[in-house]
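Encoded as structure tokens, the structure appears first; notes follow it.
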Amino acid sequence: MKEIFYNLIGKQGEIPGDYLQDIGETKRVLERWTIDDEFRKMDNIEEGLRMIKTPRTLLEILPFIDKKEGTELRIKERNNEDNTYPLSVRRYRHFIKEKMAGRKDIRIGILPENQKFKYWRNRQINRCIGELGPIKADGLVHAPLAFELSKGCSVGCWFCAVSSQKLTKVWRYTNENAKLWKDSINILKETIGDCIKYGVCYWATEPFDCPDYEKFIEDFVLLTGRCPQTTTAIPDREIERTRKFLKLMDKLNGGINRFSIRSKEALFKVHTNFTAQELTYVELIPQNLEASSQYKKAYAGKAREVKLFSNNSKLNDNVQKEENASTIACISGFIINMTEKSVELITPCPASVDWPLGYWSLDKQYFENAQELSIVLNSMIDNHMNPSLPLLNILKLRKDLTWANCAEDESVEIVSKYLSIKFDRLIFTNKMLELISESKHTAFEIAIILEDIYKIELSLIMLQMNEFYEKGLFDEEPLKLSK
Ligand code: SF4
């Protein structure tokens with residue numbers, strides 16, 4: 001019989017139930033494995049599998065929990081020799097690969113029609129690869145916007161990477177707010193383009209803190225044509241609401257959503273109340289202290305404070321190291337808080353003393369109505385998203401970069417902790433880099449000096465400087481906004 005492997009995302013309602021169940025069962029065992037330390041520590045894994053009443057066998061699970069077995073499977077996949085593995089293993093691998101490709105497709109698929117926004121976002125993506133490394137950078141989709149439908153968050157996670165404060169306000173779906181909501185989405189679409197469909201409707205907020213979250217989502221889908229991803233940390237707070245939400249996601253073709261699992265009890269409650277099939281499209285993110293060690297918290301926000309100032313070794317050990325400074329910020333664009341009617345322009349960076357939340361904040365302004373929102377968005381784009389190198393600003397390389405001539409060819413290499421990029425070593429390139437490294441000349445001044453020394457066209461010099469600019473190599477770190 002021909003073996004079929006389905007792509008699941010965006011195909012709700014089209015996939016046979018037994019296929020979804022099959023994926024869901026493997027996924028469920030792996031969730032138990034990563035979140036429940038006692039399950040992981042059992043001497044006899046087969047006994048553990050019997051205990052949780054899964055149809056999965058040890059052979060079907062081992063490639064996902066054992067490093068050596070996992071490596072072997074991936075090698076066999078590459079050589080097209082994996083057909084000896086159980087069907088459930090190959091189906092689950094197909095699903096994992098589909099999800100990984102989907103994330104990349106989103107990052108590439110976000111094509112702002114506003115050209116200034118487009119060039120600015122591309123530059124931030126390039127900068128992040130150098131500052132965070134290709135692996136971490138690959139996890140950031142650089143979504144163009146996030147709405148917040150409340151102020152603060154009721155959950156209060158000790159590790160909150162965006163340091164959300166206590167919940168103080170919630171935006172309800174009144175007639176007046178519904179109108180502003182729809183108008184705001186339309187304004188964003190007019191300003192940036194259709195790519196706003198890749199936005200989300202939560203940031204430093206818990207989506208389910210807003211009792212009308214689902215109504216806002218339905219409007220978002222109607223106006224953008226895409227259902228935004230939801231991550232909730234309280235799927236266990238009101239089971240019936242979560243159940244209805246999952247049904248709504250099926251109806252709206254909601255892609256992959258996520259439940260943050262803060263304790264083993266929350267996992268057990270979720271597993272008891274929802275079948276494996278119901279959760280096929282939901283990632284359970286291990287956030288509890290007993291979770292497997294690969295789920296350490298990003299060194300940002302409250303987790304960073306814990307690492308720096310807390311003596312609690314259990315919490316401390318659960319946070320990544322400072323030298324791996326990271327971020328969970330996946331927005332290069334606007335954070336729009338509807339309760340206080342504010343817009344903040346942000347882009348990811350490694351968390352640090354200056355940017356403890358793992359993102360730069362370039363601007364924050366307020367609006368009263370949709371017309372003002374339009375003015376604010378356009379002014380931020382004009383003020384912060386210069387499509388070509390500003391001629392009159394002092395030019396500096398990013399702080400994390402060095403440069404050197406390449407020994408083996410006629411190029412010059414710009415090097416960060418994670419990446420090196422080669423450029424043609426033109427007659428003026430070394431001198432240009434020396435002048436830039438002095439951090440006291442504008443781009444215009446440098447171009448004039450080089451033109452004078454080498455008697456070459458200004459346009460050639462500008463071309464190479466702009467190449468550096470597009471790759472995100474110049475220091476664009478903003479001044480910190482006063483709160
Ligand atoms: S991590 Fe999410 S749920 Fe937890 S406090 Fe922060 S915003 Fe709230």
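Side chains included, hydrogens not; waters and symmetry mates left out as well; all remaining heavy atoms used.
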Among residues at least two apart in sequence or on other chains, which ones pass salt bridge (charged side-chain N to carboxylate O under 4.0 Å, His left out) with E81?
none

ring-ring contact (aromatic ring centres under 6.0 Å, His included) with Y85: which residues, sequence neighbours excluded?
none

By ring-ring contact (aromatic ring centres under 6.0 Å, His included), F334 pairs with (sequence neighbours left out) F117

Suppose we screen for ring-ring contact (aromatic ring centres under 6.0 Å, His included). Which residues come up paired with Y202, at least two apart in sequence or across chains?
none

Going by the side-chain hydrogen bond (donor to acceptor under 3.5 Å, both in side chains) test, which pairs reach into residues 42-55, not counting sequence neighbours?
none

Sequence neighbours excluded, the answer for salt bridge (charged side-chain N to carboxylate O under 4.0 Å, His left out) partners of D475 is none

Who passes salt bridge (charged side-chain N to carboxylate O under 4.0 Å, His left out) against D250, sequence neighbours left out?
none

Just distance, no hydrogens or angles: give the donor-acceptor pairs under 3.5 Å from side chains in residues 133-150, sequence neighbours left out.
residue	atom	partner	partner atom	Å
K136	NZ	N324	O	3.0
D138	OD1	R107	NH2	2.9
H142	ND1	S332	OG	2.8
E148	OE1	N337	ND2	2.9
E148	OE2	A204	N	3.0

Which class fits the ring pair W355 and W360: parallel under 30°, tilted 30 to 60°, perpendicular over 60°?
tilted

Holding to ring-ring contact (aromatic ring centres under 6.0 Å, His included), I want the full list of residues that pass it with F5, two or more places apart in sequence or in another chain.
H94

For a quick test of your reading: what N or O donor-acceptor pairs under 3.5 Å do the side chains of residues 64-73 make, sequence neighbours left out?
residue	atom	partner	partner atom	Å
D66	OD1	K68	N	3.1
D66	OD1	E69	N	2.9
T71	OG1	K67	O	2.8

Across all chains, not counting sequence neighbours, the side-chain hydrogen bond (donor to acceptor under 3.5 Å, both in side chains) partners of N122 are none

Can I get a per-line list of side-chain donor-acceptor pairs under 3.5 Å for residues 11-21, giving both atom names and the distance, sequence neighbours left out?
residue	atom	partner	partner atom	Å
Y19	OH	Y6	N	3.0
Q21	NE2	E25	OE2	2.7

